[in-house]
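To start, the structure itself, in structure tokens.
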Protein chains: 2
Amino acid sequence: MPAAALKLDETFAALADPTRRAILRRLAQGEASVSELAAPFDMSQPAISKHLKVLERAGLISTGQDAQRRPRKLEPEALVIANDFLIELRTLFEARYAALDAVLEELKTTGAKAPGA
Amino acid sequence: MPAAALKLDETFAALADPTRRAILRRLAQGEASVSELAAPFDMSQPAISKHLKVLERAGLISTGQDAQRRPRKLEPEALVIANDFLIELRTLFEARYAALDAVLEELKTTGAKAPGA
DNA sequence: ACGGAAAATAACCAAACAGTTATACAACAC
DNA sequence: GTGTTGTATAACTGTTTGGTTATTTTCCGT
């Protein structure tokens, strides 16, 4: 298993939670402190800290420092890795149809004979 | 919470497992029966059936019928939904930089004064 | 040095997950 | 109908997850 796959596990798992996705949306608009991030949610501060830890382990965010605050910011690289997997799938999928199209085209031009014949 | 968010939860959660991602890669190349899908893995058939159920609930695959076989095929629509979220994030993120660039540009042309001054 | 604010950590709990084995079901072959 | 193949379901188990409250740590202000 490639090393990146481990990160992929964590990245997709991190994205599977609506609270965490909302946090990412917020961070896409700029850095924010834990309490700022926690404010919109009906949830304790430690719960948010846990979500942030999940996001950080997945490489989706990073932590800064500003006095007592630990502002988080989005790390878009991890998003790219996730996207790459989706693109890989889509590419494989489309390649298959391209191959099928090629076969059909071949059949048409050679007069509906079997490929090996 | 929008209705699509529920699917997003399930879709990303489904993608978070390496066995399931491998199954999707396999299915991207064409339909396959359960036993075909199970073959590469050191895992029981019921375990694979469970993974397939997770993938199906997420809308990532669908089930056909061919005698005793229940061939699965990839459903790329769900991939699009997942991709849309990533794109949304990226768009928000880039919009912010665009806004920042605009501010910097404004500062440059007006002679480095504060925006409100 | 002390008090307070921001955040992290610990300890705990219920629910969900990912696997197992054993069993049941469905559809074909004879 | 009987046996066989392919798949699903049931029941169980250890681990992980997502939340809680209580406590601790870190840093600032005075």
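Remember, predicted model here, so these are calculated numbers, not experimental data. In what follows, every chain begins at residue 1, and chains take the letters A, B, ... in the order their sequences are listed. Computed over heavy atoms, backbone and side chain alike; hydrogens, waters and symmetry mates excluded.
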For A/Ile61 against A/Leu52, the heavy-atom pair lying closest together | CD1-O, 3.5 Å
Can you sort out the partners of A/Arg20 under side chain to side chain donor-acceptor pair (under 3.5 Å), two or more places apart, ordered by chain and number?
-> A/His51
Can you give me every donor-acceptor pair (side chain of residues 39-47 of chain B, partner residue at least two apart or in another chain, under 3.5 Å) with its distance?
| from | atom 1 | to | atom 2 | distance (Å) |
| --- | --- | --- | --- | --- |
| B/Ser44 | OG | B/Ala47 | N | 3.4 |
| B/Gln45 | NE2 | B/Ser49 | OG | 3.1 |

Shared hydrophobic cluster, A/Leu55 / B/Phe93 (ILVMFWY, side-chain heavy atoms < 4.5 Å) = yes
Hey, where on DNA chain D does chain A first and last touch, going 5' to 3'? Cut-off is any atom under 4.0 Å from a heavy atom.
-> D/dG18 to D/dC28
What closest approach, in Å, do B/Gly59 and B/Ala78 show between heavy atoms, and which atom pair accounts for it?
-> O-CB, 3.4 Å
Look at the side-chain N and O atoms of B/His51 and state whether any lies under 4.0 Å from the OP1 or OP2 oxygen of C/dC17.
-> no
For residues 55-65 of chain B, pull every pair meeting salt bridge (charged side-chain N to carboxylate O under 4.0 Å, His left out), keeping only residues two or more places apart or in separate chains.
-> B/Glu10-B/Arg57
Evaluate the ring planes of A/Phe12 and B/Phe12, with Trp represented by its six-membered ring, and classify them as parallel (under 30°), tilted (30 to 60°) or perpendicular (over 60°).
-> parallel
Specify the residue among A/Asp66 and A/Arg20 whose closest nucleotide of DNA chain D lies further upstream toward the 5′ end.
-> A/Arg20
Pairs under 3.5 angstrom only: tabulate donor-acceptor contacts from the side chains of residues 64-77 of chain A to other protein residues two or more places apart or in another chain.
| from | atom 1 | to | atom 2 | distance (Å) |
| --- | --- | --- | --- | --- |
| A/Arg72 | NE | A/Thr63 | OG1 | 3.0 |
| A/Arg72 | NH1 | A/Arg70 | O | 2.8 |
| A/Glu75 | OE2 | A/Ser62 | OG | 2.7 |

Per nearest nucleotide of DNA chain D, the residue lying toward the 5' end, A/Gln65 or A/Asp17, is A/Asp17
Contact pattern, 5' to 3', of nucleotides 1-15 of chain C - B, S or - by protein heavy atom under 4.0 Å = ---BBSBBB------
Look at all strands and tell whether B/Ala67 reaches a base, only sugar-phosphate, or nothing, counting heavy atoms closer than 4.0 Å.
-> sugar-phosphate
